[in-house]
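Please read the structure below before turning to the comments.
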Amino acid sequence: MNISGRGVALSLASSVLFVTLPAYIHALEPLSSIQVIAHRVVWSIPMVLLLVWFTRQGNVLRDAARRLLREPWLLACFPLTAAMMLVQWGVFIWAPMVGRTLELSLGYFLLPLTMVLCGRLFYGERLTPLQAIAVAFAVAGVLHELWLTRAFSWFSLITALGYPPYFMLRRKMAVDSLSGFVFEMAVLLPFALATLWITGSGEVLEAVPRLWALLPLLGLISALAFGAMMASSRLLPMGLFGILSYVEPVLLFAIAVLFLGEAFNPAQIWTYGPIWIAVLLTGWDSARLLRRQARRGL
């Protein structure tokens, strides 16, 4: 498979893995949202290290660690990227626990638009005609939501505006996705452990032993999803990577309505309908691109 094909496949795999988390988080009760976030950090570290070993990326991780010593600016950047990621993790976990997954999904619908804008403004990327039409449909859906609600949830805004600077900084740092994830989790680990100790998480684990089996899987899903997302972000143009991100909010929307029982206002069909059309157009355009590349490779 060529580079673009791998990037698309990794992006889709990342979306599927990420959207399992809102439903999965409910299985972790009675842990609080703060405890779940802290556990996600703690359990992600052994799982991502296992992933490094399984993919034979140990040398890559060591080389990245040596870069940190040679380039102090990288060492200064990781606390910033770790903090940016922690905010996104917090929103992603808290929203489902308080019944706000639909607002979270709207933020992810907005995210590709901000990614496309960043790709155009900062990287000079151009959209294909079908991609441009897809963005137009998505903009129509977003404008309808603004007209309908007259406001935006901060769940939506943090998601839509917080990720593009993170991806741009990580691309500038040019550290491979798995190594960067390890370093970010290492920065957050002391704070996560302190949070678990202060909030009495150990007592919850003693009272609910099944959590010992569920929490490692939380870390595994997080490591696989984030690794796939970061790898695709480096393989794909920023605009295409952003547009493919429409897959995740569509799945989030379905989970919120079908499995989490959140209410859906019928008037919002004019918000989500155009965006779903954008998703279909994007998928069609991506498939055409991959077929052309495959023919050229023959």
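Because the structure is predicted, anything quoted here is derived from the model rather than measured.
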Discussion item. Counting neighbours of CZ on R210 that are heavy atoms of other residues, nucleotides or ligands and sit closer than 6.0 Å, is the number greater than 12?
Written reply: yes
Worksheet item: Does NZ or CZ of R171 lie under 6.0 Å from the centre of the six-membered ring of F122, at an angle within 45° of the ring axis?
Response: no
Item to complete: Please report the C-alpha distance between V175 and F78 in whole Å, then the side-chain angles of each, then the deciding distance to 0.1 Å, and finally whether the side chain to side chain contact (heavy atoms under 4.5 Å, CB included) criterion is met.
Response: CA-CA 10 Å; V175 176; F78 272 115; 4.2 Å; yes
Discussion item. A side-chain contact here means heavy atoms from C-beta on lying under 4.5 Å apart; do V19 and Y108 qualify?
Written reply: no
Worksheet entry | Taking every non-hydrogen atom, the tightest pair across A192 and V42 | CB-CG2, 3.9 Å
Worksheet, complete the sentence: For Q88 and T159 the tightest heavy-atom approach is OE1-CA, 3.6 Å
Discussion item. If hydrophobic clusters are built from ILVMFWY residues whose side chains come within less than 4.5 Å, do W43 and W197 share one?
Written reply: no
Discussion item. With rounding to the nearest 0.5 angstrom, report the SG to CE distance, C77 to M173.
Written reply: 5.0 Å
Worksheet item: What is the minimum heavy-atom distance between S232 and G7, and which atoms define it?
Response: CB-O, 3.3 Å
Worksheet item: Quick one: does V139's side chain get under 4.5 Å of L143's, heavy atoms only?
Response: yes
Fill in: Cluster overlap L69 with L74, hydrophobic side-chain contacts below 4.5 Å
no
Worksheet entry | Donor-acceptor contact present, side-chain S156 to main-chain L104, <3.5 Å | no
Discussion item. Determine whether L61 and F183 satisfy the following criterion, side chain to side chain contact (heavy atoms under 4.5 Å, CB included), listing intermediate values before the conclusion.
Written reply: CA-CA 10 Å; L61 179 59; F183 298 149; 4.0 Å; yes
Discussion item. How long is the straight-line distance from CZ of F253 back to CD of E262, given to the nearest 0.5 Å?
Written reply: 10.5 Å
Worksheet entry | L215 and L31, any side-chain heavy atoms less than 4.5 Å apart | yes
Worksheet item: So, for S222 and L21, which heavy atoms are closest and what is the spacing to 0.1 Å?
Response: OG-CD1, 4.5 Å
Fill in: Gap separating the CG atom of L218 from the CD1 atom of I37, nearest 0.5 angstrom
10.5 Å
Response to the item:
Of E206, H39, Q35, the one forming a side-chain hydrogen bond (donor to acceptor under 3.5 Å, both in side chains) with S201 is H39
Practice prompt. Could you identify which residues cluster with L130, counting Ile, Leu, Val, Met, Phe, Trp and Tyr as linked when any side-chain heavy atoms lie under 4.5 Å apart, either directly or through a chain of such contacts?
Written response: I133, F137, I277, L281, W284
Item to complete: For the pair T81 and E184, evaluate side-chain hydrogen bond (donor to acceptor under 3.5 Å, both in side chains) and give the outcome as yes or no after the intermediate values.
Response: CA-CA 7 Å; T81 61; E184 287 172 349; 2.9 Å; yes
Discussion item. Within a 6.0 Å radius of atom CD1 on I158, are there more than 12 heavy atoms belonging to other residues, nucleotides or ligands?
Written reply: yes
Discussion item. With a 3.5 Å distance limit and no angle check, can you tell me whether Q57 reaches the backbone of L178 through a side-chain donor-acceptor pair?
Written reply: no
Discussion item. Is any side-chain heavy atom of F181 closer than 4.5 Å to one of S44?
Written reply: yes
Practice prompt. Decide yes or no on side chain to side chain contact (heavy atoms under 4.5 Å, CB included) for W89 and V41, but give the supporting numbers first.
Written response: CA-CA 9 Å; W89 276 21; V41 171; 3.8 Å; yes
Discussion item. So, using salt bridge (charged side-chain N to carboxylate O under 4.0 Å, His left out) as the criterion, who are the partners of E103 when residues are at least two apart?
Written reply: R100
Fill in: Minimum side-chain heavy-atom gap V16-L12 below 4.5 Å
no
Practice prompt. Mind listing the closest non-hydrogen atom pair of A160 and T114 along with its distance?
Written response: O-OG1, 3.0 Å
Worksheet item: In Å and rounded to the nearest 0.5 Å, what is the CG to CD1 distance from L196 to I34?
Response: 10.5 Å
Item to complete: Treat each ILVMFWY residue as a node, draw an edge where side-chain heavy atoms are under 4.5 Å apart, and state whether F54 and L49 are in one component.
Response: no
Worksheet item: If you take all heavy atoms of E29 and L211, which pair is closest and at what distance?
Response: O-CD2, 4.4 Å
Fill in: Side chain proximity check, S105 to L102, heavy atoms < 4.5 angstrom
yes
Fill in: Hydrophobic cluster membership, V48 vs L50, 4.5 Å side-chain cutoff
no
Worksheet item: Around W73, counting heavy atoms of other residues, nucleotides and ligands shown, do more than 12 lie under 6.0 Å from its CH2?
Response: yes
Worksheet item: Taking the six-membered ring for Trp, are W154 and W94 parallel (under 30°), tilted (30 to 60°) or perpendicular (over 60°)?
Response: tilted
Worksheet entry | Pairs touching residues 66-85 that satisfy salt bridge (Lys or Arg N to Asp or Glu O under 4.0 Å), sequence neighbours left out | D63-R66, R67-E71
Practice prompt. Determine whether P165 and M84 make a side-chain contact, defined as any pair of heavy atoms from C-beta on separated by less than 4.5 Å.
Written response: yes
Worksheet item: Say you draw a straight line from CD1 of I45 to CG of L189; how long is it, rounded to the nearest 0.5 Å?
Response: 4.0 Å
Item to complete: Measure the OH-CG distance between Y166 and L80 for me, rounded to the nearest 0.5 Å.
Response: 10.5 Å
Worksheet item: Tell me, do Y24 and L214 make a side-chain contact under 4.5 Å, heavy atoms counted?
Response: yes
Worksheet item: Can you hop from M229 to V87 via hydrophobic side chains spaced under 4.5 Å?
Response: yes
